[in-house]
Each structure stands twice: as structure tokens, then as C-alpha cells.
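Here the structure is laid out as C-alpha cells; the discussion comes afterwards.
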Number of protein chains: 2
Amino acid sequence: MKKFVTIRDVAATAGVSINTVSRALNDKPDINEETKKRVLRVAKELGYVRDATALSLRYGLTRVVGVIFEDSSNPFFSEVFKGIEMKARENGFSVILMNTEKDYNVEEEAIRTMISRRVDGIIITPTQEMSQDIEFLANISIPSVILGVHFDKLKLPEVHTDDVTGGFLATDYLIKKGRKRILLLNGLSYKSVARMRFEGYKKALKNNGIEFTDELVYEISEGVESAYSKTKELLLSGLDFDGMFCFNDIFAIGAIQALKEYGERIPQDISVVGYDDISYAKYISPALTTIAIDKILEGQTAFELLLESIEAKAKVPAREIVLDVKLTERRSA
Amino acid sequence: MKKFVTIRDVAATAGVSINTVSRALNDKPDINEETKKRVLRVAKELGYVRDATALSLRYGLTRVVGVIFEDSSNPFFSEVFKGIEMKARENGFSVILMNTEKDYNVEEEAIRTMISRRVDGIIITPTQEMSQDIEFLANISIPSVILGVHFDKLKLPEVHTDDVTGGFLATDYLIKKGRKRILLLNGLSYKSVARMRFEGYKKALKNNGIEFTDELVYEISEGVESAYSKTKELLLSGLDFDGMFCFNDIFAIGAIQALKEYGERIPQDISVVGYDDISYAKYISPALTTIAIDKILEGQTAFELLLESIEAKAKVPAREIVLDVKLTERRSA
DNA sequence: TTGTAAGCGTTATCAT
DNA sequence: ATGATAACGCTTACAA
């Protein structure tokens, strides 16, 4: 059933040898114009399409890059992916996308799959609980870029946003709005991103002469539900706070939900700032004030950095690209 | 720089021939247990990883499927993709994802890329303005599945949801809530989905003895902005309506935004029903009543249908799988 | 039980 | 200007 037209078929019907066909197809100089035209015509008539798998074997290059995300349906990742795919397409690369579902074993498996498929490069957002597989990635010869997280010892090129500044901006804004007791609903601290935003938070507090107290910082695992129930719990416990800086917009959405149900007015009673500026941030109510990051750009940058490594003959020293963030002011704070 | 351990390297260090290595690796019976163990150990030590590109060439099968979407960052597609990727991974397939950005030329180009890469199957959500490329897909020997849309003459297997029922459910619900003049903010009618939902809308009207009038149906192009401004325009024009059925949740979000700004109370003054039940539908305000479709399931089903075609020796007759929808009741209607 | 050789589709090298 | 052949990594007859 599955049978493609090969260079041999074209050669046969055009009455030439296979490498004359190859020459015509690749627009090589040493071929008669007439023959070339004829071969090209025959190729078209027969519906010939170059076999990329043969080329991959031949050159040891696939023109495929692998992307490994924890969850491609997360609006953050799905936008980043768009940036990657866009740039990849422009450069004649295809992209294989795999999800790890935050499972370390799946992540390892995904890396093995990418190696087996001989992808020319890998863009990965590693689960940071363990990182042997990243060490491993750094040692094999496939160019790789870490996206969205920062490792202390820079083994691989990285692209991420300036999250210390982001945390600072969010907190400082809340303070400027007159908030004194700012709750930080953070992500789990094994994530560099969470640690960086926390650092920015503390920095803003210090800058404004507000004393830090850890009774106002909480770490929760991913998901709206998780943010919703934590906020509810805190509210019920009688914790006193008038501002909230959420690790991401998804947390903010859950928190706002809980706040409203509890009868708090936003931002009059409690101001809320999120992070990421996912596309729905402006449609929730009140419209979310948040730290905006250019996700498409982050994806594009990651691909471009990867492409540099791929095209470099020698191993290129690991670079860290830190993208700017800015605060987008809306109604929640 | 890029150099992988091959079966030959393993053979050399283990002191056997290459196909003895192949036998060991593939767990064939005709090999000495001892040799097998040794080969396997050497392979592991050397870090041997099977070269999938070589296998692809050898077998004429890549174990890769291609997915072509108009926009993978759209929450609908990103969830569908998750279902596809999940099932693909379970079955040892990798997935190449490409976006067309609703550009027909890009769509054609994407198909060519998939053919060139010799993917074993294609899942595509075609732009329906033109469809020669789908005709083409039906004629080549790569198994393909159409996702989310329905073509009149069934050339290829299809997976989509029961949108006539969806349109009916939404409209009927609004009527049962006492609404008489229900505005339909529909997608462009070259899309089968829009036509189906429209059909359901009319059916519900008829069933409830309400006369249809085309001054209440409008077709707009994709995007929140587009829905927002159309709604605004209609409101300003003084059009009388007390209910709104939106083609999708994104439209509903834009519409609600406009409605609120205009001072309409939802659902007291105007009830709104959306479509898709994207994950943020429940967090907008008021929480959106919408037609829910199981997007993960839709993706999984598409992959499974594709797998059937791939595994079938002979060309399998095109089937149409229609998935159920249900109404999810929240606050907006 | 093990090894040799052909072949998958292509391009590069070397002849002619 | 064109053709024959080897090679990419692997599996599968077939031979030993």
C-alpha cells in the first residue's frame, strides 16, 4: 500500500541514471539544461517527493528538533511552542513535541526517544526535582537548550525570563498601591523560577522598608484548584493580608475565585498580581494585573539559540539569555 | 561533533559480527545466551542507542505521525493535541506538530513536509476555504484523519463532535430559561462546524415554536476582539435580544466583555452560552455556561482511528466518528 | 550459533 | 555531461 516514487522510478521513466536525476533535483551545475528540464518534468508527473529519512541517514542530520515540555496544553507552554515552531519552520526544521506530565521517568524516556530519532537538537523544560538526565544531555553530543528554568551550574545554554525583576516589580507595585502585608503564593521552591520570584519579592520588601515575615509566604503545587484551596484555607485561618502576589496567572485565577467567595473585594480589600500574562488574564474579572512575558519571543529565542549550537562546528560555550519582563496594569491591583 | 555509537562499534568491541549484535539487541532466539549477555553489556557501556532513521529507511515506516493545526496555541487545539500525543506515546509513535496559521499555502506546505518526512499518518484540521489538498491527501497512500470538521463527501476518516446537537442544546436551554430573542454569534459558514451549530440553533427554535429571523444571526471571524466589537456594534445599533449563543467560548468571552461594558447584567438581562468548555470558562465572570466537549478524548480518538488505518493492510473505508457533547451549566445563562 | 551480503533512498566520489 | 559505485545504520535472507 505504502509506496513512494523514488529517484530510481524517475530515472527509469526519464531514461537517465539515478544520479542525473539527483543532479537535476538538486540544481547542480554539471547537467544539460534539456535533461534537467525533462527529469524535473517527469519527477513532477510521477509525484516524486524527496525522502527525508534517506537524507537523514545519509547526512547524519535529520532537520528535526525535539521539544520536551511538562504539559503542552498549559497556555504558557502552548504559546512558547508556537514561537519555536514558527522559527523552526522558517529554517526548514520540523518539531517533535513530547509531554512529560511532570513525571521524571517519562522525561528520561522522552530524551531517549529524541536521541533514538537522532534529532539535531533538543529544547527542554526540565522537571527540576532530579536532574541526572540534564547532566546526561550536557554530555551527549546533541545540542540542547534549557527553557524557562535556570540551573546553578550552567551546563547547557538557557533561555528564561528575568524573574527576580519580575518578582520585584509585582511586589513593589503592590507596596506602591499602599499594601503592607503581601501574601506570596509561590510555586514549589525546587524550581529555580519560584526561588527567583521569591528573591524579587524580598528585595522589594527590603527596598521599601517592610519587614519580611515567612508567615506570608506559601508554596503550593501546580494548578488552579491548589491555589483556590490554599487561599480559602488561609482566609479561614484568619491570616491578615491586603495584597497577594501569585506565582502565575493560574494561581491568581484560583485565588481570586476563593477571595470572591469569601466576600473580599478586589482590589479594594485585597489586591492581586499574577505572573505570565496568559491570554485570558485580561478577561477574568477583575482583569488581572500581571507580570507579562513575551512567550512567543521566548520560544523563538530558544530555537535561535539552539540553531546556533547546531550550526556551530565546535561545541559552543553555554550561554544564558535572560528576557525582560514588564508589569501589565489592569484592575486587580 | 555529532557521532553516535553504531552497531558496528558494538560488534568490534564485543568481538562479534554486526548481525550478532543485531540479534542480541532484538532478542532473537538463534544466539548463544553468553554472547547475547556480553553484547548487551558492551552496548550499554558504549551508550548505544538504536538509530530510528536507519530503521525508517529499512522498513519504510517511521513511527512518526504528523499533526497539522491552524493554531496549536488555541486552548481547544492544545488540549486535543495532548490527547493525540498521549496515545501516540503509548503506542511508540512520535508526533510532529505544525501550524498553518490559517494560511492555505502553509497548509499545503505542511502536507508536503509530512510526506517528505514519510510520516506513517496525518491528523489534520483543514482550513475549509479550499480543499484541494485534502482531495490530494485522500489520494496519496498516507493514512489521514480529519479532525474537528466534516466534509460533505466523505473521502477520509473523520472525528468530530455532534455539533448539531450542541447547537440545539445551547439554544433550547436558553429558550427554557425564558429567552425569546436569541442572538447567534456564529463562526464563518464555510466551516462545517458553524453550519452544524446553526442547524441545531434553528432546530431548537422550531421545536419551541419560535420563528427564525436572520436579523439575529451574525458570522464573524476568529478571535476575542472580533466578538467583542461585533457585540458592541450590535448593542449600539439598538438590536433587541435577551439571549446569546456564541460559536465558542472565546467569542463568549469577548461578548461578555462588551455586554458588561454596556451595562447589561448577565444573565438577568442577557443570557450567554458558549461552546467548547475551555479550561478558563469556569473562571471568567460570570462563570460560563457552555457546551462541553471532551477534547482529550477527541484527540485520543483521532489517533486511534489513524492507527487503525496505519495498521490495516488494505485501505480501510472512511469512517466518521461523532463524539457526544453535553451542556455544562454555570452562571452566565 | 555465527558470519556475509544485499537492500532501503539518497548523494558524493570517481570514472568515462 | 553522464554513469557506476560506495556509503549512511540497520535487518534479513542465506551461507557456513
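So you know, we letter chains A, B, ... as the sequences are listed, proteins then strands, and number each from 1.
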Beyond-backbone contact of A:Val159 with A:Leu305, side-chain heavy atoms, under 4.5 angstrom: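 When only atoms from C-beta onward are counted, A:Leu305 and A:Val159 do touch, with a gap below 4.5 Å.
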Mind checking B:Thr35 for me? I need base, sugar-phosphate or nothing, with any heavy atom below 4.0 Å counting as a touch.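 Touches sugar-phosphate only.
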Its contact letters, B for base, S for sugar-phosphate only and - for none at protein heavy atoms under 4.0 Å, make nucleotides 8-16 of chain C read BBBBB----
Taking NZ, NE, NH1 and NH2 as the nitrogens, is one of them in B:Asp27 or B:Lys36 under 4.0 Å from a carboxylate oxygen of the other? yes
Atom-to-atom span, NZ of B:Lys3 to P of D:dC8 - whole angstrom: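 Distance, rounded to whole Å: 11 Å.
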Mind calculating the distance between CG (B:Leu46) and C1' (D:dG9) to the nearest angstrom? 15 Å
Have B:Thr62 and B:Arg117 got a donor and an acceptor in their side chains that come within less than 3.5 Å?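 Per modelled atom types, B:Thr62 and B:Arg117 side chains form no pair under 3.5 Å.
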No-hydrogen, no-angle side-chain donor-acceptor test under 3.5 Å, B:Thr127 and B:Glu107: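 Looking only at side-chain atoms, B:Glu107 and B:Thr127 do form a donor-acceptor pair, the distance falling under 3.5 Å.
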For C:dG3 and B:Thr20 - does any side-chain N or O of the residue sit under 4.0 Å from the phosphate oxygens OP1/OP2? yes
Salt bridge (Lys or Arg N to Asp or Glu O under 4.0 Å) between B:Glu109 and B:Arg112, intermediate numbers included: CA-CA 5 Å; B:Glu109 178 62 27; B:Arg112 268 197 300 278; 2.8 Å; yes
Over 60° means perpendicular and under 30° means parallel, so tell me whether A:His160 and A:His150 are parallel, tilted or perpendicular. tilted
